[in-house]
Amino acid sequence: MASDSGDRNSTLKRCLSVLRDARNDSEQFAALLLVTKAVRAGEVDAKTRRQIFDAIGFTFPNRLLTSRQPPAGCPEHTFRALGLTLLACFCTDPELAGHSQILSKIPTFNDILVSPCNPDSTSMIDDVYQCLSAVMATTRGSRELVTKGTVSALCQAYVNCSYGSDRALTLLLGLLAIAETKCWQRDAPHLLTVLSKLSDDFLKTEDMTKFELCEVLPHFIPLSPPLTQDLQGSECLHRLYKGLANILGSKLSQSQRDPALKLAACLVQACGSEWIPAETAGSKFLALLVNLACVEVRLTLEEPDPLEVEGKKEVVTACYVLIEMGIQECLREEKPLLEEVQKMQLMRIMEEAFGAVIFYLRRVKQEELQDPFIFASVRILGAWMAEETSSLKQEICELLPFLVHYAKKLFKEGSPAASLPQPELVSSEGSGLPQDALRFLLPGFCHLTAEDKPRDILISEGAPALLCEYFLHQWEMLTSKPGSPAPVTSAEMSLQTTCGIFLNLVVTAPDLIRRDKSFSSLMDMLLKSLPLLLPQKDHLVLAANIATLGMMMARILAILQGTQSAKDFFRAAIHFLSKAHTAQADPGSDGLAAAVSPAFTSAWADMRALAGSVPLFPGLPQAVLQTQWLEGLSEFLTRVTPASVDFELIAAFQSVLVELARASKPCRDVILSHHGREWANLYGMAALEQCLSEC
């Protein structure tokens, strides 16, 4: 054997010498045939490969690829095949695989993949796949492959069942794993064609291939719209639904059920429940899906052996996705997929699953907090707490110290915990980073701060100070992207929900607001933020929340009166309230009716808070006069029909007007000069009538 190897090396050296010294193409070609024969036999080590490259470089393979006149008696693709063999040899060196000369050949590789294949050209295709695989493994390679059309070529090779189509699929999986978004942006039609073939095979096959496809299909399901907006995509979804219904309706082993649940979760992440038909069979399938997910969660998380849990984290995370869909469908009122009986049954089953999630989280050790599975478990529990406020209340109260500690740790450290490889619970905006566990807990905390026991636990664990710091951080995130488009960002949603928590604390724990210095910092930010928000019409709901919270906190933190920022805040708040109501045509009569923008639905709370601030803030009446709100209000109440004005709105108006009339003679004079007595009587504002008569 050693002698044979020595003979081959000696032969290669002679061939290389001939290549270097050849006087014509015929001599080069003869030597090259021997070299490529050795290369194809896999008998070239790294040192010899480098010697071959040093001897011929890229120039000779380039000539071979472009030459159209093969030697007499040779097939027409002989030169091209030899050139590809050499390039495939060079590509086994990672440094050469990323060379610009190799990257420039990508269009040539693509052409060969989509060209008709005959038995004589299979070695060329093998070499092309070897080159493409090597290129994809380099730093620039995947980007170059995507931009130069390789995705399209691979899709065609796979769909046409060309020679080596299994390798085409493998390469596509690799490119999608590296650059999914770019692949779909450039080649959505071709990728949909592959998905169409895969989904058709998935539906029709009746052997173990069906379960193997469960592993492959998630890679071809994009988070972007094509599936639901394209007829071909919709047909794919229907086939996947039918295929999964066949699988999950049968008796399965764990190794068969797990990939099916992962595929279903992937579809939910991409399309919600839109891929499940709105019919009896669809509702039964959805209920089955959620039921199976809950059972899997219980079986895994109630397992006392941590190693058992470790091996099942991927599938349990997929089950979390399915359970979250179950929560949303149980709450859905418009065109529900589930019947009421199904909803009640699923809520009971999900409650048991969340009992298992809580049981698991109570056993988590300090050193495990960086595990992304813990994040996924906290996130799904947050989704349950946000909607189901009465279930498992005692268990959740006992878990609150852990939840606060966990959220605080991740937020303070900004932990870049690794993502789970298969369906991960992330938002489409990419803002669901591991350090933002609070975002998913906020809605539940908002409910809990309205109740004595959980509120006391949250306060004792330092949640208010953490939430103040989080609020300031989210405000920085929102304002770092000025002029953001209309869709509400996760930062804005977090700010709105946190305002609700703070309002609960203002009402139920005013002493906490006074003594915790965090709220003084929060108040400073609120005073400065409202004037910045008002010009941005896309943030009216947040502006209403901040106006309400700021005015109610100002009543408690009276030390802030008289500052310039406080003056600017109240002026902005009054201006905001002045825009909340308009007069519009009343379809039921010839007159005008009072109308309120949906974004201003909290305006009555704002006005009551404004009324309470008048005695504490001496400059407030002057700010009211400067904005001419009283004149605008008088015109509004004069124009609309009294029956169209809600009683709560009348009470809110009256509370402000009475305080202004008592605190400021100029305000009282404006009210009187604009027929205040008349419309006070007309709207039944008895307290205002009495106040105006006494003054």
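Owing to the predicted nature of the structure, the values given are computational and were not obtained by experimental measurement.
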Side-chain donor-acceptor pair present, Glu461, His405, cut-off under 3.5 Å: no
Heavy-atom side-chain proximity of Thr497 to Arg439 below 4.5 angstrom: no
Ile574 and Phe569, any side-chain heavy atoms less than 4.5 Å apart: no
Spacing of CG belonging to Leu403 relative to NZ belonging to Lys408, to within rounding of 0.5 Å: 12.5 Å
Any donor-acceptor N or O pair under 3.5 Å, side chains Arg571, Thr627: no
Atom of Ser283, atom of Leu337 and distance for their closest heavy-atom approach: CB-O, 2.8 Å
Chi angles and distances behind the side-chain contact (heavy atoms from CB on, under 4.5 Å) call for Thr508, Thr449: CA-CA 9 Å; Thr508 60; Thr449 48; over 6 Å; no
Non-hydrogen atoms of Ala465 and Ser518 that approach each other most closely: CB-OG, 3.5 Å
Minimal non-hydrogen separation, Leu392 against Gly355, with atom names: CD1-N, 3.8 Å
Student check: side-chain heavy atoms of Ser273 and Arg332 closer than 4.5 Å: yes
Rounded distance [0.5 Å steps], CD in Glu451 versus SG in Cys397: 7.5 Å
Step-by-step side-chain contact (heavy atoms from CB on, under 4.5 Å) determination, Phe440 to Val378: CA-CA 8 Å; Phe440 304 106; Val378 169; over 6 Å; no
Distance in Å, Met385 CE paired with Lys393 NZ, rounded so as to fall on 0.5 Å steps: 11.5 Å
Parallel, tilted or perpendicular, as decided by the 30° and 60° cut-offs, for the rings of Tyr406 and Phe402: parallel
Donor-acceptor pair, side chain of Asp516 and main chain of Pro464, under 3.5 angstrom: no
Considering all heavy atoms, the nearest Asp436-Phe375 contact: C-CE1, 4.2 Å
Arg514 side chain near Ile556 side chain, heavy-atom distance below 4.5 Å: yes
Distance-minimising heavy-atom pair for Val268 and Leu322: CG2-CD2, 3.7 Å
Residue pair Glu388 / Ser390, side-chain donor-acceptor N/O under 3.5 Å: yes
Heavy-atom check, side chain of Glu469 versus side chain of His473, under 4.5 Å: no
Cationic N near anionic O, under 4.0 Å, Lys343 to Glu329: no
Rounded distance (nearest 0.5 Å) linking atom CG of Leu478 with atom OG of Ser529: 10.0 Å
Side chain proximity check, Leu448 to Ile396, heavy atoms < 4.5 angstrom: yes
Verdict with supporting geometry, Met553 and Leu526, side-chain contact (heavy atoms from CB on, under 4.5 Å): CA-CA 10 Å; Met553 285 181 62; Leu526 294 176; 3.9 Å; yes
Cationic N near anionic O, under 4.0 Å, Lys528 to Asp568: no
Smallest separation among heavy atoms of Ile546 and Cys499, with atom names: CG1-SG, 4.2 Å
Tyr320 and Ser377 side chains, donor-acceptor separation under 3.5 Å: yes
Heavy atoms from other residues, nucleotides or ligands near CD of Glu339 exceed 12 (cutoff 6.0 Å): no
Ring geometry between Trp384 and Phe354 (parallel below 30°, tilted from 30 to 60°, perpendicular above 60°): parallel
Any Glu368 side-chain heavy atom under 4.5 Å of Phe373 side chain: no
Donor-acceptor pair, side chain of Thr300 and main chain of Val297, under 3.5 angstrom: no
Nearest-0.5 Å distance that lies between atom CG in Leu522 and atom CD1 in Ile513: 8.0 Å
Residue pair Asp258, Glu296: steps toward the side-chain contact (heavy atoms from CB on, under 4.5 Å) verdict: CA-CA 9 Å; Asp258 288 0; Glu296 192 66 42; 4.3 Å; yes
Under-4.0 Å salt bridge between Glu395 and Arg362: no
From CG (Leu240) to CZ (Phe220), nearest 0.5 Å: 12.5 Å
Any Leu244 side-chain heavy atom under 4.5 Å of Trp275 side chain: yes
